[in-house]
Amino acid sequence: VFCASSGLVLFPSSPESRGSWLAAGLAVARGLRVVVVPLGFAPASLPSLGAGRWVRVSGAGVFGNAWRWVGGQGELF
């Protein structure tokens, strides 16, 4: 995450994947896009990364179940 400049894609196997959510939180703090493909758990269990929400990504294949973090009002403008 330290050197990332575009975004972060995660494939967590659990909503308790501490390392995944730590990386996601750091990416959000840096203003990077975060996309998650939950493996083996419901998207409703995705943890909050702060002010914002998870929105479904329109995709196919492996990204057919992908969700993107949209933070606060900054994403609205």
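Keep in mind that the numbers below use all heavy atoms, side chains included, and drop hydrogens, waters and symmetry copies.
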Visitor: With sequence neighbours left out, write down each residue that passes ring pair (Phe, Tyr, Trp, His ring centres under 6.0 Å) with W21, or none if nothing qualifies.
Guide: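 In terms of ring pair (Phe, Tyr, Trp, His ring centres under 6.0 Å), with neighbours along the sequence ignored, W21 is linked to no residue.
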Visitor: Using the test side-chain contact (heavy atoms from CB on, under 4.5 Å), find all partners of V62 that sit at least two apart in sequence or belong to another chain.
Guide: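 Applying side-chain contact (heavy atoms from CB on, under 4.5 Å) to V62 gives F11.
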Visitor: Might you point out which heavy atoms bring S20 and L10 nearest each other, and give the distance in Å?
Guide: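 Scanning both residues completely, I find the closest heavy atoms to be O-CD1, 3.4 Å.
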Visitor: Closest heavy-atom contact between L49 and G25?
Guide: CD2-N, 4.3 Å
Visitor: Compare every heavy atom of P15 with every heavy atom of S45, then report the nearest pair and how far apart it is.
Guide: O-CB, 3.3 Å
Visitor: Under the 3.5 angstrom rule, does the side chain of R56 hit a backbone N or O of G64 as a donor-acceptor pair?
Guide: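 At least one qualifying donor-acceptor pair exists.
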Visitor: Would you name the heavy atoms of V35 and A66 that are closest together and state the gap between them?
Guide: CG1-CB, 3.9 Å
Visitor: Would you find a donor on one side and an acceptor on the other, under 3.5 Å apart, between the side chain of W54 and the backbone of P47?
Guide: yes
Visitor: Could you give the distance from CH2 (W69) to CZ (R33), rounded to the nearest 0.5 Å?
Guide: 16.0 Å
Visitor: For V9 and F63: C-alpha separation, side-chain torsions, deciding distance, then whether side-chain contact (heavy atoms from CB on, under 4.5 Å) applies.
Guide: CA-CA 10 Å; V9 178; F63 291 104; 4.0 Å; yes
Visitor: When you compare the side chain of V28 with that of V34, does any pair of heavy atoms fall below 4.5 Å?
Guide: yes
